[in-house]
Amino acid sequence: MGIALTRAAQWTTASSGTGKLEITPINESLLKEIARFVEQFSARHPQEAKHVFKQPLQWATSLEACDFKTEYDISGPTVKSQETDIDGHPMLQLTPPSISVRSLSQLSKLVELAQEKRLKEVRACLEANRDPVAKMLGPSFATVEGEDSSVLRLLEKVREGDLAKETETQVRLLILLQQLDTHLLSNSLKQISQEVRLSPAAVKNDVELLKSFCCDGEKRVLKAVQYTSDYEFANGCRTPPWRQVHGEICYLVIQTWDTQPLYVTCSTAGVFLNGGIRPEAEENAFDRTSEVYKDLVTLLKSMSPHFAVNIHKQDFAFQEEPSSTQKIQHMESVDAEEQGQPQRSYDHQEKNVHEKARQQPVQNKLGGKKKLEPSLKWKNLGLASPYEETNGQKSKRSAVAVKSVGTQEKMQKKANFSVSSLPGRQSSIKTKTPGGEGTVRDFSESSSESEEDEEQPERRTESNTDLPSEYWQIQKLVKYLKGGNQTATVIALCSMRDFNLAQETCQLAIRDVGGLEVLINLLDTEEIKCKIGSLKILKEISRNGQIRRAIADLGGLQTMVRILDSPDKNLKCLAAETIANVAKFRRARRTVRQHGGIKRLVELLDCVPDSAALTEEQETDVEVARCGALALWSCSKSTRNKEAIRRAGGIPLLARLLKSPHENMLIPVVGTLQECASERSYRIAIQTEGMVEDLVKNLSRDNHELQMHCASAIFKCAEDQRTRDLVRQYGGLQPLVSLLGQADNKQLLAATTGAIWKCSISVENVAKFQEHKALDTLVGLLTDQPEEVLVNVVGALGEGAQTPANSAIIRECGGIQPLVNLLTGTNQALLVNVTKAVGACATEPENMTIIDRLDGVRLLWSLLKNPNPDVQASAAWAICPCIENAKDAGEMVRSFVGGLELIVNLLESTNKEVLASVCAAIAKIAKDEENLAVITDHGVVALLAKLTNTTDDTLRRHLAEAIARCCLWGSNRVSFGEAGAVAPLVRYLKSKDSSVHQATAQALFQLSKDPNNCITMHENRVVKLLLGMMGSTDEVLQEASAGCVANIRRLALANEKAQCG
Amino acid sequence: MSEMSAMNRKLIQKLAETLSKQVKHFNKTEAECLIRLFNGLLGDQSDRRVGNGLDRGKFRNILHNTFGMTDDMIMDRVFRAFDKDNDSYVSVKEWIEGLSVFLRGTLDEKIKYCFDVYDLNGDGHISREEMFHMLKNSLIKQPTEEDPDEGIKDLVEITLKKMDYDHDSRLSYADFEKAVKDENLLLEAFGTCLPDAKSILAFEQLAFQAPLESSGHHY
């Protein structure tokens, strides 16, 4: 049982010592088994049960003297068994809480009489005695890592002729215990094998299997599977040790037929795509970029449709093959296991791993188990199970196949595999070193990054059977590209351009016949014609996502960035345009930046954009600038690139190009600007460099794309008040409202409504919008719109409704009902805006009637259960005006079953905004005495008191309001005082926020009605602060302060009187 | 050299003036520089007694050394294109006329020039055979292939398919012109016969700046 305990059981800390057994299903079943074993032990093996332990098992028990019955001497709390050893020591001794037991028969009885506490006792015993066998039989039987020679040791004793009865008993006891151990392990193993846990052996199996799929001519399902490192650590891992601690086993590069190379991390937790770990790559790309799959086959199935389709064919066509591989691999991995190497390194890991400690023992269990009983049964269980689970039917089928294949054939197959598993390309042994800070930080790119081109599933799944004729023609041309001089190359390039390069068949054909490599190599030559011809093709085919990735993988971006320095303007244009197409995914954008592409692209922008009489030369310059802007637009989707553009001096150049009269120039320029407007620095620049005027001007151009980008830029910039004012001053509001008419173009509509929303933050703008009946139109857009439009429409309505007149207009247009209906949505951004809008509308009593009728408050209330704190807070804020304006608000609130408890519990949130909003809502709720009584029962006082130490002024203000209100019930005043809420409140008076003062003074006034609170306040020198407040112009504040001071004074007087009299 | 310096400066200037009026793209000074360069080149020539011009070998040397051309046949054709009167010498006038297209020609001029270069027999058409002849060294021979010329033949077909608009299996000037206007890369479809930007720049720097200064020393 020693091994089962150290390996199978899940301890809270990985190190030995005072670990606790976690409460997990595995542990529970372990404990049950052990308890049953112990309980039945003395009946089944009476002789062994009497064996006296070398050392007693001691632990802190929860049993008491009264639990013990006959056969025990009970004196007060202590208990001694009547049974003693030869020296007269009792076999069981209890001096609460410690208990010590010296034989299994006593243990047996103890377990029996502990009844329902038995598991607890067994657990406590095992926790206190990490290696019970050593205590029972002596330290020489301690469970040791590695070979277990205890039986041998005993046998030696036996052979020495020392046949003392005790030794014999010992042997039997040991054997019994080891049987238990084996039993426990096999049980837990069954459970473990249900979980997804990969081991190096299982991964190795998978890789070998996949490699076998690569080597088989036409019908192969994969191109290549390679480890990134040939070096295999003794534990079977191929990752650097500092990644092994994360449970990572190896990294693979898998070339499929229909996707970019897949960079895969195999870890104990499963298999997933990483950021591109390659043998030679300098960058460290360990981050997970896909979801975690159970194993490689599952991952490939979902990544590569070609694989998914063909793997099944593979099953039928080569049924014997995968199965026999599996068989052989089992044998191989068993060999590896038997060397016993994995163990040690796992142990090493255990020490390092904290969180993942639990994953590791899983593998250990496999190892441990194997050593105990090398029978076929467990081999299949341990090794085949990951397969069985993942491939389900497939492996079953292959299992059948195994039987049908003769051994000789298997041997042949094995030979084949060993040849085939030597791939042509040998990956280098280079192991990754931890990257410098710079490289690591590169992964933090975020913001508006949208991966436009997720790996698209490929349609070409029917594979090589009927390839279009273009395929062969293109293949021939690529051959000429490879083997031709400049003249032949140019002819081949020109001919290739005659194919329909917009067609995916041709795009992929070029890639599949190795054309991309040649085209990219041509960019590195000195031949300008070849470069131009190649770029003209690359520019077209890079519209395909897979081609983009392939170009980036082949290092094409680096070369194209270099070409930007070329004196040939035509070449510059083509390179920039191609970069614009390729840089549509994050890694490509990063590559452009890291190779100095941003600076060069920004340099391209430098031209004279004015329309009047350009020379031919200048016109070419404008075209170069346009292409540069296109590339920057693509690149600007990465945060760091935005920064790089700014630092390269791109902003003034963009501002200059923004004056261009040409739409084809304006679109990439405004596109870049609106992309970059997510950064504060750009928003400021757009405002200060006079770009708002141009953006507004272009809103009125008759080009939807341009209008969309302009509106989008305004959307992002108009959170700033000055920008909002500028939009109004340049007459941008009216065009925005008229753009609402373009309801068919959803992207444009989303951008327009976004701009209107943000511009509506200024009251002047709302008034201006209303001149053009914006709210009426917006209400019309509340139904049948995509969510990205709805979020903005509702946001705009929420801002508009801040003035009572407008919220009446929303009602008159029939806007309340659709708004309330939207409260049932799930989009969190939308919910935040809807709750805000509903809350704003609820300030109008007439609106409130409608909201109430539509059960809007209940809907708001249920949003308090939303997991998103922003939604919670926004809902709580919206609830405040509802309670204030609803008729019979108290009754309404009470009718929400569990509602009050729910909102009180939100006081335990960690989000300041949630806390502030909930305090505000509680202040409203507490106006109703009955509800106040209920929330008092739910412990509102203690929860509020706990929050008083905050320094957040919004929270302070609403917290003080809530406290003031809650004082009005029962002994709450006293409770607040006892909970220590008074002293922190006094400090609120020193806040710089005057709205905090009013609420605080009111709370203090309420609290001062309790003498003890007065004393606390006085001790905290409240009087001086309150005297200051009494001089305020705020009458409420004056009054509350004065009332509080009066209460304190009155107490002091009474006190004096009492002392005198 | 003494004979060279004996040549009257005024004579050169006069010739330059005449030529710069007859030939596009060069002003008088530039023409003068080119004449001097021509005379300089002529001075080195071994058998100066025959005629007044650069012979084929000398001219090819210039094409090879100054403009980086390598294809023997094309260089011969370029010589022919320069040598308008077909007397096997490039005269000073032919030199300047040729260079005006060679260095600074418009697209139309270059199309004309290239067509002349590629029309090997001067019959006004580029035939299949001519194409084959010009392209025959453009691919690396694959010794494994049954017909080593198959690739070349295929290239000829590709070119015809692309450029032979009137489908008469040969390229007329009109075909060639249309194809090149459509895709400029096809201007030198059958072999490099024009200098690249870099060597033009280098040549002009050498011809128009350095000689002027050095000539200043001479006189």
Side-chain angles (χ1 to χ4, degrees), chain A residues 469-470 472-501 513 515 518-519 521-523 525-540 563 565-574 616-617 620 623, chain B residues 68-71 73-74 77 106-107 110 114 117-118 126 131-145 148-164 171 179-201:
Chain A
S469 65
E470 290 100 322
W472 305 112
Q473 291 166 348
I474 287 173
Q475 187 172 44
K476 203 174 60 186
L477 289 175
V478 168
K479 199 174 80 186
Y480 300 150
L481 287 182
K482 283 182 187 162
N485 67 4
Q486 193 193 352
T487 308
T489 304
V490 169
I491 293 175
L493 287 172
C494 291
S495 173
M496 202 178 269
R497 288 196 60 212
D498 287 343
F499 286 94
N500 182 359
L501 295 178
V513 300
V518 187
L519 289 172
N521 280 344
L522 283 176
L523 300 181
T525 62
E526 286 297 301
E527 306 291 353
I528 246 177
K529 284 199 225 41
C530 295
K531 289 192 200 180
I532 289 178
S534 164
L535 279 173
K536 279 180 171 175
I537 293 167
L538 288 172
K539 185 184 104 179
E540 294 303 321
I563 290 178
D565 285 337
S566 158
D568 189 304
K569 286 174 185 169
N570 191 8
L571 204 51
K572 278 194 210 185
C573 280
L574 286 166
E616 204 175 312
E617 181 81 0
T620 333
E623 178 59 14
Chain B
M69 290 193 188
T70 47
D71 187 328
M73 188 195 50
I74 294 287
R77 294 300 307 158
T106 64
L107 183 61
K110 283 181 184 167
C114 288
V117 169
Y118 298 145
I126 305 173
M131 289 183 205
F132 183 85
H133 195 59
M134 288 184 284
L135 292 177
K136 67 176 180 231
N137 294 319
S138 67
L139 287 179
I140 296 167
K141 291 273 190 316
Q142 301 282 339
T144 50
E145 276 172 33
D149 290 338
E150 198 192 299
I152 311 292
K153 284 178 188 161
D154 192 40
L155 269 185
V156 171
E157 293 314 312
I158 289 171
T159 325
L160 272 175
K161 189 182 159 208
K162 195 156 172 50
M163 303 174 81
D164 179 20
L171 297 185
V180 175
K181 293 233 163 136
D182 193 47
E183 171 54 271
N184 292 343
L185 291 178
L186 289 172
L187 179 64
E188 295 174 82
F190 304 106
T192 309
C193 56
L194 285 167
D196 60 20
K198 218 190 260 172
S199 38
I200 291 176
L201 200 70

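Excluded from the calculations below are hydrogen atoms, water molecules and symmetry mates; all remaining heavy atoms, backbone and side chain alike, are included. Treat the numbers as computed from the prediction; the structure is a model and nothing was measured. Each chain gets a letter, A, B and so on, in the order its sequence line appears, and its residues count up from 1.
By the 4.5 Å heavy-atom criterion applied to side chains, A:T487 and B:L135 are counted as neighbours. Residues A:L493 and B:L185 have side chains not in contact (no heavy-atom distance under 4.5 Å, counting atoms from C-beta outward).
When heavy atoms are compared at a cutoff of 4.5 Å, B:D71 does not approach chain A at all. Within the 4.5 angstrom heavy-atom criterion, only side-chain atoms of A:E526, from C-beta onward, approach chain B. Residue B:K198 touches chain A through its side chain alone, counting heavy-atom pairs closer than 4.5 Å.
With rounding to the nearest 0.5 angstrom, the NZ atom of A:K529 is 11.0 Å from the CG atom of B:N184. Here the CD1 atom belonging to B:I152 is positioned 8.5 Å from the OH atom belonging to A:Y480, to the nearest 0.5 angstrom.
Contact tally against chain A (heavy-atom pairs below 4.5 Å) for B:D154, B:I158, B:D196, B:L186: the top residue is B:D154. No other option in A:G533, A:P567, A:C494 has as many heavy-atom pairs under 4.5 Å with chain B as A:C494. The candidate from A:K476, A:Q486, A:E527 with the greatest count of non-hydrogen atom pairs under 4.5 Å with chain B is A:K476.
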Salt bridge (charged side-chain N to carboxylate O under 4.0 Å, His left out) between B:E183 and A:K536, worked out: CA-CA 11 Å; B:E183 171 54 271; A:K536 279 180 171 175; 3.2 Å; yes
Test log, rule side-chain contact (heavy atoms from CB on, under 4.5 Å), inputs A:V490 and B:E188: CA-CA 9 Å; A:V490 169; B:E188 295 174 82; over 6 Å; no
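Taking all atoms of both residues into account, the shortest heavy-atom contact from B:A189 to A:I491 is O-CD1, 3.4 Å.
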